[in-house]
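Remember, it's 1-based here, ligands and their atoms both numbered in the order they're listed.
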Amino acid sequence: ASTFDYRDSLQSNRLLDEDEIEIASVAKEYSQEKLLPRVLNAYRNESFDKGILKEMGSLGFLGATIKGYGCAGISDVAMGLITREVERVDSGYRSALSVQSSLAMGAIYDFGTQELKERFLPDMAAGNVLGCFGLTEPNHGSDPGSMETTARPDPNREGVFLLSGSKTWITNSPISDVLVVWAKLDGKIRGFLVERSRCPEGTLETPAIKNKTGLRASITGMIHMENAPVFKENMFPDVVGLKGPFACLNNARYGIAWGTMGALEDCIERARDYALSRKQFKGNPLAKYQLVQKKLADAVTDVTYGLLACIQVGRLKEQGLLVPEMISMIKRQNCDRALEHARRLQEIFGGNAVADEYHIGRHVANLFVAQTYEGQSDIHSLILGRAITGVQAFC
Ligand code: TGC
Ligand code: FAD
């Protein structure tokens with residue numbers, strides 16, 4: 001007979017196939033054995049080890065749902081399980097994985113020419129070539145349609161565009177070899193693959209943004225371009241408008257919905273262990289108190305629902321039945337629930353919550369970022385509200 005296991009309360013593992021269970025176990029082993037021992041130093045020193053992307057590449061995690069080009073070609077649910085395991089350790093490591101896979105490789109795979117795919121995807125899958133995704137600008141975050149970055153034909157060279165403008169808060173930009181940049185050409189948004197090695201000095205700068213209060217194990221930067229040259233073959237030929245970047249974001253937002261559940265599961269595990277061992281009032285463990293139990297019950301319920309929703313959306317995605325509002329729903333819900341529960345579970349640690357060895361404060365700070373990037377939760381509320389009412393409320 002089955003017994004209740006709070007780690008998989010509704011037995012959602014039964015919805016996975018053997019390959020997916022095996023992939024999740026490889027991802028868990030890698031994350032716990034290789035990432036967890038490094039995370040405290042990385043977070044304290046705000047340092048990102050590029051070697052991590054090579055390690056992930058050697059395990060087939062990068063661009064893993066892409067078929068061909070040296071990629072693993074696994075299911076969307078299997079990819080979700082990988083992001084869940086990586087973010088169980090730290091959202092910043094999942095960020096590095098998401099940006100390389102869904103946003104940089106995904107843009108090239110979906111919109112690049114055959115030549116671009118063959119040139120870049122195998123090396124990116126191995127983690128030898130790193131990419132980033134530049135959409136947000138200093139004056140335009142939630143409203144990327146108003147971007148100011150421009151592309152114009154080089155008056156002196158046939159077949160070359162010159163990009164000028166600034167992008168900010170760009171994950172991996174300081175370490176990227178190739179930068180997917182969205183810019184306006186004749187007033188219309190187009191995608192360009194900027195190659196760092198082909199930019200003369202002074203045309204491309206990617207300074208790191210230091211002293212972040214969250215996501216410190218991930219590297220974030222700006223992209224400054226002043227007539228940065230991009231050859232015509234590096235422009236995505238057929239996609240015009242915001243649907244280009246948003247198509248890539250659908251995949252990355254889906255990964256965040258999974259990942260934040262991994263972070264919340266880690267918070268639950270740590271809070272439960274602490275509540276069972278810490279004794280207050282007549283030698284009772286904190287876990288004996290009803291207010292503490294309610295915090296755990298609420299968090300376990302929401303993580304269980306959140307994971308089931310991820311599996312369902314993943315299955316619809318695999319069958320080509322996905323619509324973007326489904327992703328807005330799980331991205332918003334799972335980020336909001338994970339952040340709220342992580343903050344409540346943090347209380348169980350009392351003063352020790354402030355010590356980074358307990359890990360919970362790091363998850364709370366990271367989850368604020370997860371709730372903010374790739375469409376802040378209120379923006380996803382408005383996307384859902386528009387779909388429900390037919391009325392657009394952004395402006
Ligand atoms: P709107 O009129 O709604 O749409 C413009 C065009 O885009 C199409 N579209 C989509 N296509 C595919 N998938 C989606 N999810 C789509 N959403 C919209 C739409 O059909 C339309 O196409 P067409 O053919 O008519 O031109 O555009 P809007 O300007 O009104 O947009 C409003 C809003 C709020 C929905 C949008 O701007 C938004 O989502 N804002 C949030 C910005 C955002 O998510 N930025 C993310 C930056 S990247 C990042 O944060 C990476 S962090 C990575 C990490 O470290 O993990
Ligand atoms: P704003 O757009 O100024 O919004 C501020 C607040 O106002 C939000 O709460 C928002 O919900 C609210 N708001 C805005 N408009 C409305 C409205 N119409 N109605 C109601 N409320 C509204 N971007 C990239 O392109 N690539 C990356 O790799 C990337 N990585 C990131 C990494 C980190 C660590 C961080 C912090 C951000 C990253 N971003 C990246 C940027 C991220 O996508 C933006 O921060 C996010 O989209 C929000 O934009 P903003 O910061 O300009 O906030």
Side-chain angles (χ1 to χ4, degrees), residues 46 48 83 86-87 90-104 106-107 110-111 130-147 149 166-176 179-183 188-189 191 206 208-223 239-260 322-329 331-332 335-336 365-387 392-395:
E46 226 177 337
F48 178 75
T83 57
V86 172
E87 193 153 356
D90 193 86
S91 306
Y93 292 145
R94 195 267 309 133
S95 243
L97 169 67
S98 300
V99 166
Q100 176 80 353
S101 299
S102 303
L103 296 181
D110 284 345
F111 302 121
L130 304 186
C132 67
F133 182 88
L135 181 64
T136 304
E137 299 186 351
N139 297 325
H140 310 285
S142 300
D143 174 24
S146 302
M147 69 175 65
T149 299
S166 289
K167 302 287 178 181
T168 193
W169 290 114
I170 307 303
T171 301
N172 290 355
S173 79
I175 55 167
S176 286
L179 303 90
V180 172
V181 171
W182 302 93
K188 295 195 172 121
I189 296 174
T206 55
I209 299 173
K210 299 305 276 183
N211 305 321
K212 287 179 293 177
T213 57
L215 222 75
R216 289 171 59 84
S218 155
I219 181 159
T220 318
M222 301 187 79
I223 304 175
V239 69
V240 180
L242 276 178
K243 57 178 173 292
F246 284 152
C248 309
L249 285 167
N250 287 338
N251 292 325
R253 289 167 173 175
Y254 165 77
I256 293 175
W258 273 99
T260 48
L322 185 84
V323 289
E325 286 80 5
M326 296 172 181
I327 289 181
S328 284
M329 183 176 278
K331 199 275 180 186
R332 181 183 83 131
C335 288
D336 286 359
N366 284 340
L367 287 166
F368 170 79
V369 178
Q371 190 204 43
T372 300
Y373 60 28
E374 306 218 7
Q376 202 271 346
S377 278
D378 287 345
I379 296 300
H380 288 292
S381 304
L382 299 183
I383 292 172
L384 290 168
R386 176 174 61 182
Q392 190 275 89
F394 300 111
C395 52

Atom 16 (C) of ligand 2 has as its nearest protein heavy atom Ile379 CD1, 3.8 Å

Flag for Thr260-Glu87: side-chain donor and acceptor within less than 3.5 Å
no

One should read off an interatomic distance between Leu135 CG and Phe246 CZ, to the nearest 0.5 angstrom, of 7.0 Å

of all protein heavy atoms, closest to atom 20 (C) of ligand 2 is Leu382 CD1, 4.1 Å

Logged contact type for Val369 with ligand 2, heavy-atom cut-off 4.0 Å, is side chain

Side-chain H-bond candidate by donor/acceptor type, Tyr373 with Ser95, under 3.5 Å: yes

Within 4.0 Å of some non-hydrogen atom of Leu135, the atoms of ligand 2 are 25 (O)

- Message: Please tell me if atom 7 (O) of ligand 2 is touched by the protein, where touching means a protein heavy-atom distance below 4.0 Å.
- Response: no

| task | Could you check if a side-chain atom of Phe394 sits within less than 4.5 angstrom of a side-chain atom of Asp143, using non-hydrogen atoms only? | result | no

Atom 23 (N) of ligand 2: of Asn172, Thr136, Leu103, the nearest heavy atom sits on Thr136

With side chain to side chain donor-acceptor pair (under 3.5 Å) as the test, would you mind laying out the steps for Asp336 and Gln371 before giving the verdict? CA-CA 6 Å; Asp336 286 359; Gln371 190 204 43; 2.9 Å; yes

>> I'd like to know if the side chain of Gln100 and the backbone of Leu130 have a donor-acceptor N/O pair within less than 3.5 Å.
In response: no

heavy-atom search around atom 2 (O) of ligand 2 in the protein gives Ser142 OG, 2.6 Å

Take atom 42 (C) of ligand 2 and look for protein heavy atoms under 4.0 Å from it; say yes if you find one, no if not.
yes

Atom 32 (C) of ligand 2 has as its nearest protein heavy atom Thr171 OG1, 3.3 Å

Note to self: Quick one, Pro144 and Leu242 - any side-chain contact, counting heavy atoms below 4.5 Å?
What the structure shows: yes

To the nearest 0.5 Å, atom CG of Asn139 lies from atom OG of Ser146 at 10.0 Å

Note: ligand 2 atoms sitting under 4.0 Å from heavy atoms of Leu215 are 34 (C)

min-distance protein heavy atom vs atom 11 (O) of ligand 2 -> Gln376 OE1, 2.8 Å

Quiz question for you: does at least one protein heavy atom lie closer than 4.0 Å to atom 37 (C) of ligand 2? yes

Enumerate, one pair per line, all nitrogen or oxygen atoms of ligand 1 lying under 3.5 Å from a protein nitrogen or oxygen, stating the separation to 0.1 Å; write 'none' if no such pair exists.
residue	atom	partner	partner atom	Å
ligand 1	3 (O)	Arg386	NH1	2.8
ligand 1	3 (O)	Arg386	NH2	3.3
ligand 1	7 (O)	Lys243	N	3.4
ligand 1	13 (N)	Asn250	ND2	3.0
ligand 1	15 (N)	Asn250	OD1	2.8
ligand 1	24 (O)	Lys243	NZ	3.2
ligand 1	37 (O)	Ser142	O	3.2
ligand 1	39 (O)	Arg253	NH2	3.2
ligand 1	40 (N)	Ser142	O	2.9
ligand 1	44 (O)	Arg253	NH2	2.6
ligand 1	44 (O)	Gly375	N	2.9
ligand 1	50 (O)	Glu374	N	2.9
ligand 1	55 (O)	Ser95	OG	2.5
ligand 1	55 (O)	Thr171	OG1	2.8
ligand 1	56 (O)	Arg94	NH1	3.2
ligand 1	56 (O)	Ser95	OG	3.0
ligand 1	56 (O)	Tyr373	OH	3.4

Cys248 vs Phe133, side-chain contact (heavy atoms from CB on, under 4.5 Å): CA-CA, chis, key distance, verdict: CA-CA 10 Å; Cys248 309; Phe133 182 88; 4.0 Å; yes

Item to complete: Examine the side chains of Arg332 and Ser328 and answer whether a donor and an acceptor come within less than 3.5 Å of each other.
Response: no

Numbered in order shown, the ligand 2 atoms found under 4.0 Å of a heavy atom of Phe394 are 18 (N)

Atom 27 (C) of ligand 2 sits nearest the protein heavy atom Trp169 O, 3.4 Å

Heavy-atom side-chain proximity of Ile175 to Phe48 below 4.5 angstrom = yes

Ligand 2 atoms nearer than 4.0 angstrom to some heavy atom of Thr372 are 46 (C)

Would you say the side chains of Lys167 and Ser173 form a donor-acceptor pair under 3.5 Å?
no

Checklist entry - Would a 4.5 Å heavy-atom cut-off, applied to side chains only, mark Asp378 and Gln376 as touching? => result yes

query = Taking C-beta and beyond as the side chain, do Leu179 and Thr206 meet within less than 4.5 Å on heavy atoms?
reply = yes

For Ser101, the side-chain hydrogen bond (donor to acceptor under 3.5 Å, both in side chains) test, sequence neighbours excluded, returns none

A student checking ligand 2 against Phe133 at a 4.0 Å heavy-atom cut-off should list atoms 24 (C), 25 (O), 26 (N), 27 (C), 28 (O)

Going by the 4.0 angstrom heavy-atom rule, the piece of Asp143 near ligand 2 is neither

Taking only non-hydrogen atoms of Tyr373 and a 4.0 Å limit, the atoms of ligand 2 in range are 31 (C), 32 (C), 33 (C), 37 (C), 38 (C), 42 (C), 43 (O)

Exercise. Leu215 versus Ser91: any side-chain heavy-atom pair under 4.5 Å?
Worked result: yes

of all protein heavy atoms, closest to atom 52 (O) of ligand 2 is Gly141 CA, 3.1 Å

Checking heavy atoms under 4.0 Å, the part of Glu374 that sits near ligand 2 is backbone

message: Is atom 49 (O) of ligand 2 touching the protein, meaning some protein heavy atom lies under 4.0 Å away?
response: yes

